[in-house]
Amino acid sequence: ANVEHRCKQKATTTSRRTFLQTGGLALLSAGFWSESPARASRSPNQKLNLGIIGVANRGETNLIGVHHETISALCDVDEDYLEQRKARYPGAKRFRDFRELLARDDIDAVVICTPTDTHADLIERFVKAGKAVFCEKPLGTDLAEAELVAAALRGIPHQVGLVLRAAPVFGELRRRVVAGEHGRVLAVAFRDDQYFPVRGTYRSSWRGEVEHAGGGTLLEHSIHDVDL
């Protein structure tokens, strides 16, 4: 309960200016996305203008998470996905090419929900365009690429989608391990795909392709557990 309370404390009203100046994309986690009357009642000039790149699967989930911000633009290579989001976000402009978002002055930050092998290029371009960045994990297909991306993000408001850091259950688990309440950890074993019970399959087909994902479930999904 105490962990959950600490997470909910993050869900305070934050102005766009303060949010971006203080690196507030770190609040784009379970805490920031939690619903509250104060958040819903903010004026338009207190809300972030967001561009969402990749609007299906994880992108759809992230859209739900930031629906109380201003969704200025939706971008996806699949026209069908864009049409499916049209009814819920009628005010958002729709694009097939992310490059059309780079010069737009009505976007404060971008939410990148695309295959892993596209992250480095997208982040570099939007950082140069002066946009804050939220990017799904992992940052790159290997450590070298991830380190290059991390270097590009220095000084830029950003967050990587390791959202379980803000999950109360995982936070409490980590606290107990660090505190040594159950003795010294000798080994950790986990098995994971994107379903429970485990099915040995992925919801997104590209995650099974090395050229796009860089690795299997250990890199693409179980990175949450490794990070913890």
Discussion item. Check for me, please, whether Ile52 and Val77 land in the same ILVMFWY cluster - side-chain distances under 4.5 Å, paths through other members count.
Written reply: no
Discussion item. Assigning hydrophobic clusters by single linkage (Ile, Leu, Val, Met, Phe, Trp, Tyr; side-chain heavy-atom cutoff under 4.5 Å), is Leu102 placed with Ile123?
Written reply: yes
Item to complete: Give, for atom OG1 of Thr114 and atom CG of Leu122, the distance between the pair rounded to the nearest 0.5 Å.
Response: 5.0 Å
Item to complete: Find out whether Leu74 and Lys93 are in side-chain contact, i.e. whether some heavy atom of one side chain is under 4.5 Å from a heavy atom of the other.
Response: no
Distance-only donor-acceptor pairs under 3.5 Å for side chains of residues 180-190, two or more places apart:
from	atom 1	to	atom 2	distance (Å)
Glu181	OE2	Arg175	NH1	2.8
Glu181	OE2	Arg175	NH2	3.1

Discussion item. Show the nearest heavy-atom pair for residues Cys113 and Gly54, with the distance to one decimal.
Written reply: CB-O, 3.5 Å
Discussion item. Could you check whether any side-chain heavy atom of Glu136 comes within less than 4.5 Å of a side-chain heavy atom of Phe134, counting everything from C-beta outward?
Written reply: yes
Practice prompt. Check step by step if side-chain contact (heavy atoms from CB on, under 4.5 Å) holds for Phe98 and Ile112.
Written response: CA-CA 10 Å; Phe98 73 89; Ile112 298 174; over 6 Å; no
Discussion item. Could you work out, with side-chain hydrogen bond (donor to acceptor under 3.5 Å, both in side chains) as the rule, every residue matching Asp105, not counting sequence neighbours?
Written reply: none
Worksheet item: Closest heavy-atom contact between Leu50 and Ile107?
Response: C-CG2, 4.4 Å
Fill in: Same apolar cluster (I L V M F W Y, side chains within < 4.5 Å links), Leu148/Ile156
no
Worksheet item: CZ of Arg96 to CG of Asp76: how many Å apart, nearest 0.5 Å?
Response: 8.0 Å
Item to complete: Apply side-chain hydrogen bond (donor to acceptor under 3.5 Å, both in side chains) to Arg174 and list each qualifying residue two or more places apart in sequence or on a separate chain.
Response: none
Fill in: Rounded distance [0.5 Å steps], CG in Asn62 versus CG in Asn57
11.0 Å
Practice prompt. Flag yes if more than 12 heavy atoms outside Phe170 fall under 6.0 Å of its CZ atom; otherwise flag no.
Written response: no
Worksheet entry | Salt-bridge present (Glu79, Arg94; N to O < 4.0 Å) | no
Fill in: Donor-acceptor contact below 3.5 Å, side chain Lys137 vs main chain His224
no
Item to complete: Could you pull out the closest heavy-atom pair between Ile64 and Tyr89, with the gap in Å?
Response: N-OH, 4.0 Å
Fill in: Nearest heavy-atom neighbours spanning Leu139 and His119
O-CB, 3.2 Å
Discussion item. For a quick test of reading the model, state the closest non-hydrogen atom pair linking Arg85 to Leu63 and the distance between them.
Written reply: CD-CD1, 4.0 Å
Item to complete: Search all heavy atoms of Thr141 against all heavy atoms of Asp117 and return the closest pair with its distance.
Response: CG2-CA, 3.7 Å
Worksheet entry | Side-chain donor/acceptor of Asn49 to backbone N/O of Ser72, under 3.5 Å | no
